[in-house]
Each structure stands twice: as structure tokens, then as C-alpha cells.
Amino acid sequence: MFRNLVIMVSVILLFCTCQKIQTDASSRDKYIIAYFFPQDRIITEDEIAVEKLTHVNYAFADIKDGEIIEGFKFDAENFKILNQTKERNPKLKLLISVGGWTWSGQFSDMVLSDESRKKFIDSSIRFIERHKLDGIDLDWEYPNLVGYGNIYRPEDTINFTFLLKEFRDALDEFGKKDHKHYLLTIAAGAFDDYLANTEMGKVQEYLDFVNIMAYDQYEAEADSITGHHAPLFTNPRDPKQNSADVSIRKFIQAGVPAEKIVLGVAFYGRSWEVHKSDYHGLYEPAGPVKSRFRTSFKYLKPELENQNGFIRYWDSTASAPFLFNEKEKIFISYDDEESLKAKCEYIKEQKLRGAMFWEYQSDYQLRLVQTLYDGLK
């Protein structure tokens, strides 16, 4: 009898060990998160390769009278279609992203009081239930910062923390009825002022992960010189001395665990017209390009890369590509397959949660999505 008891205990311990191994292995799975921005149209079920994604952040919902609302008239139809794609990828998580650069103007008012926060949270849970979503992503750009000419207050900092804590509690309560964990995430600015105006060490406790927007480091509208807008590492010539690596380290120092950090990458470029062409235009005086042209990867790759006078260069220090047209004096910073391979290696080496990108429809022949999938999955 004692021998049988020993065997039974051994079997139980082995089962528990196997379960732990499976759980630990699952926890190391890397996320590939797509921001999807169809705007005012009905999508088709086959236009998004959900088999290569773990999450889709549908952009964007807006805030009106303190409640979440659909951003575009066909959103309800699109949520139904996206839910149907789970037949191809049952593990896919579908989230609604609220705000963004142009729709963050109502956040400061919404978080101002217990009552206003509850009103928004309750409306969001109804939204999640109505559209059969798996969670919500808050893209407030930015607490206690003007952003796109927004209302902002010093109290935004603490009220943002209150909002996320109360949201987490409400989602946990909501999830009890169907025994489901609903996701709560944010899109975070990759710059010092964002960290100075948020309590990341506290808010990370309530979040499943943090999408760090490690792009737009340089923009022609804001910077009078060219630069890498999404570098992995810092070039010594960079006056800002910034990069994805610098931002990641600062978020970790602020209290966000590496395993909750998702590195944002760019499926688009930033362009300048340079005043001098030393160093192929990199970190040189420049201004906005006078004539508009398309800089999403779907156009950069087939129409500009090593074509029409644009030569691709690789900054091995920053792990970042750029294009320069000597004749037109046009400089373009962007992410491509090579830079994303480097970022995938970085994500694995630093034990980050995964990669996020803006945005799905800017890819060319799924080349960037496939690069992330090959590098992380």
C-alpha cells in the first residue's frame, strides 16, 4: 500500500512538473500585435493574415460625452468579420484601441473624477461585450501633455493610474461570468516627458503589457535635422541620443518588467529635404519635403528602394536603414526586413513580450509581417 502511495505521489509530481513546463513555455511565446486601421470601409475576411498575428488592435474608437463610441460607421460589421477570422486562428485576441493622435482630446476630462471614470469604463465593457472583443487598448497621447492641441492637466498623471486600476478591477469582475481574462493594455510614448507624466511602475501592475511606440524619434515637422525615426540603437552622431534600446531601458528603470514590454516598430517612413548632403543626408540640416509622396512601406519598397535615384544605406551602429536621393536631396528614414530582424533578436535577447506595429495595411506583400513571424514565432 505504501509503495502504491509513493507511485501515486510521483505521478502527481510529474504531472505538475509537466504542467509547469507547459505554462512556462507558453509564457515565453512572443506576441505579434498589429494595429489595424481600416477607417471608413468594410473589410474582407481574407485581407489580414491572422495566422501570423497574436493580437489585432482595431483603431480607433473615440470618446463622446464621456463614453466610448465607434470611430467609423462600419466598425460593427468589421468586428463581426474579424471575429470570424478566429476560425483560422482560435488564439487570436481582438482589442479595441481608443484615442490615438487625433482622438485623445477627451481623455483628461474623462479621467477627472470617480464618476466620469466609471461612466467610461462601464460604456467600454458594454462595447467589449457588444462586439465580442478580448480587451481594450488605451492610446492616450498624452497624459499632462498637449499632444494634438488637447486639454491636459497636472492631475492627469494620478488620474491615469486611477483609471487603469479601476478598469482592471471592472474587467476582472466582468470576466467572472464567462471565466475569461480580458486584456487591458496601453500605447506608450517612447520619450522622457511621457515617463515623467505617468506612474509606469504603478500602472504596469494593472496592465497585461505596454506597447512602446519606439518610432517618430525624428520628424520633419518637429526637427530641423534628419535622423532615424525608429532606430534600434543610438548612433553617436545623434544629437538626441535616443533609440528603441534607450527607451526600453528607461521603461524598465521606471518599473515596467521586461516581460510586459512590447516593442513598437514602424511600417512607414519619415522624409526630409536636406540642405546639404554630407553623410548621405543623415543628421544634416533639413526641412519638410515640398512635394508630397507616399512613405508607407508598401510604396517605399517597390517604388523607391534603390530606384528612381533613391539609394538604400544601412547604419550598422543604429541597426537602421535609410534612403537618400542625391539629386533631389531627399532623405527617408524607415524600418525594413533587415532592421526588423535585428529587432526580433533584440526582443528575444532582452526577454521582451514581443513586437507591435503601426500599421498592418502599410506592409508590402506581407514582407514585414513575415519577418516578424519568422523572427519571433
Side-chain angles (χ1 to χ4, degrees), residues 15 18-38 42-61 70 74-98 124-138 167-168 171-187 207-211 259-260 262-265 267 344 347-348 352-361 363 366-377:
F15 174 78
C18 292
Q19 288 294 100
K20 183 178 188 301
I21 291 172
Q22 290 175 359
T23 301
D24 289 348
S26 175
S27 70
R28 290 195 297 269
D29 288 347
K30 300 302 183 187
Y31 292 163
I32 301 175
I33 302 167
Y35 275 90
F36 186 52
F37 187 45
I42 297 178
I43 66 174
T44 61
E45 189 173 338
D46 60 354
E47 73 175 82
I48 182 166
V50 295
E51 299 87 351
K52 301 181 186 301
L53 306 173
T54 59
H55 302 68
V56 171
N57 285 1
Y58 189 95
F60 287 105
E70 286 82 2
F74 297 119
D75 286 353
E77 291 90 332
N78 288 341
F79 288 132
K80 291 178 183 177
I81 293 168
L82 285 170
N83 271 299
Q84 291 168 5
T85 67
K86 290 184 177 182
E87 295 178 4
R88 289 153 44 202
N89 180 3
K91 294 183 178 181
L92 181 72
K93 302 298 182 184
L94 177 59
L95 294 85
I96 180 62
S97 186
V98 187
S124 297
I125 288 177
R126 293 194 299 270
F127 191 102
I128 289 169
E129 185 172 32
R130 180 165 69 251
H131 296 301
K132 300 180 180 178
L133 306 179
D134 301 296
I136 188 167
D137 173 68
L138 302 181
F167 221 135
R168 180 72 273 159
L171 286 173
D172 288 346
E173 185 64 29
F174 174 60
K176 287 180 180 179
K177 69 175 185 177
D178 53 3
H179 307 287
K180 177 175 178 176
H181 176 79
Y182 286 90
L183 298 173
L184 178 62
T185 71
I186 62 170
L207 298 170
D208 290 277
F209 50 87
V210 177
N211 297 305
E259 61 268 19
K260 281 193 174 185
V262 175
L263 174 60
V265 303
F267 280 23
C344 287
I347 288 167
K348 291 185 288 188
L352 306 184
R353 191 72 238 187
M356 166 275 286
F357 58 88
W358 178 272
E359 58 95 13
Y360 183 87
Q361 292 158 292
D363 202 357
L366 280 183
R367 293 194 183 188
L368 298 183
V369 170
Q370 188 65 49
T371 300
L372 293 175
Y373 183 80
D374 291 341
L376 296 178
K377 302 302 286 185

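Starting from 1, each residue takes its place in the sequence as its number. Any value given below was found using the heavy atoms of this structure, including those in side chains, with hydrogens, waters and symmetry copies removed. These figures come from a predicted structure and were not determined experimentally.
A cation-pi arrangement is present between K52 and Y373 under the rule of less than 6.0 angstrom and at most 45 degrees off the ring axis.
Counting heavy atoms from C-beta outward, E70 and F127 have side chains that approach closer than 4.5 Å. Residues F167 and L138 are in side-chain contact: their nearest non-hydrogen atoms beyond the backbone lie under 4.5 Å apart. Looking only at side-chain heavy atoms (C-beta outward), I33 and L53 stay at 4.5 Å or farther from each other. In this structure, F37 and F60 have side chains that are in contact, with non-hydrogen atoms separated by less than 4.5 Å. Between L95 and L133, every side-chain heavy-atom pair lies at or beyond the 4.5 Å cut-off. At a threshold of 4.5 Å between non-hydrogen side-chain atoms, the residues F357 and L368 do not count as touching. Taking the side chain as every heavy atom from C-beta outward, L171 and I125 approach each other to under 4.5 Å. Residues D137 and Y35 meet the side-chain proximity criterion, which asks for heavy atoms closer than 4.5 Å.
Separation of atoms CH2 (W358) and CZ (F36) is listed at 11.0 Å; rounding is to 0.5 Å. Within the model, atoms CE of M356 and CG of L372 stand 11.5 Å from one another, a figure rounded to the nearest 0.5 Å. Considering CG of D75 and CD1 of I96, their distance stands at 6.5 Å, rounded to 0.5 Å. Here K30 contributes atom NZ and T54 contributes atom OG1; the two are 11.5 Å apart, rounded to the nearest 0.5 Å. Taken to the nearest 0.5 Å, the CD atom of Q361 stands 8.5 Å off from the CD1 atom of I43. Here the OG1-CG distance, from T85 to L92, works out to 5.0 Å after rounding to the nearest 0.5 Å.
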Practice problem: Start with the C-alpha gap between I136 and I128, add the side-chain angles, then the distance that decides, and say whether side-chain contact (heavy atoms from CB on, under 4.5 Å) holds. | Solution: CA-CA 8 Å; I136 188 167; I128 289 169; 4.2 Å; yes

Practice problem: Please report the C-alpha distance between D172 and K176 in whole Å, then the side-chain angles of each, then the deciding distance to 0.1 Å, and finally whether the salt bridge (Lys or Arg N to Asp or Glu O under 4.0 Å) criterion is met. | Solution: CA-CA 7 Å; D172 288 346; K176 287 180 180 179; over 6 Å; no

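Listed here is the closest heavy atom pair of I48 and R88: O-NH2, 2.9 Å. Across all their heavy atoms, N83 and H131 have their closest contact at ND2-O, 3.0 Å. When all heavy atoms of A59 and P38 are compared, the closest pair comes out as O-CD, 4.1 Å. For the residue pair I347 and G354, the shortest heavy atom distance occurs at CD1-O, 3.5 Å. Across all their heavy atoms, N57 and S97 have their closest contact at CB-CB, 4.5 Å. Of all heavy-atom pairs between Y31 and L376, the closest is O-CD1, 4.0 Å.
D134 and Y182 share no donor-acceptor pair across their side chains, judged by distance under 3.5 Å alone. Side-chain atoms of H181 and D208 include a donor-acceptor pair closer than 3.5 Å.
Residues meeting the salt bridge (Lys or Arg N to Asp or Glu O under 4.0 Å) test with E259, sequence neighbours left out: none. Residues meeting the salt bridge (Lys or Arg N to Asp or Glu O under 4.0 Å) test with K132, sequence neighbours left out: none. Considering only residues two or more places apart in sequence or on other chains, L366 meets the side-chain contact (heavy atoms from CB on, under 4.5 Å) condition with A49, Y360, D363, V369.
Looking at Q370, its side chain never comes within 3.5 Å of a backbone N or O of R367 through a donor-acceptor pair. Looking at N89, its side chain does come within 3.5 Å of a backbone N or O of V50 through a donor-acceptor pair.
Proximity of the aromatic rings of H55 and F209 is defined here by a centroid distance below 6.0 angstrom, and this criterion is met.
With respect to K177 and E129, a salt bridge is recorded, a charged nitrogen being found less than 4.0 Å from a carboxylate O.
The environment of NZ in K180 is crowded: more than 12 heavy-atom neighbours from other residues, nucleotides or ligands sit within 6.0 Å.
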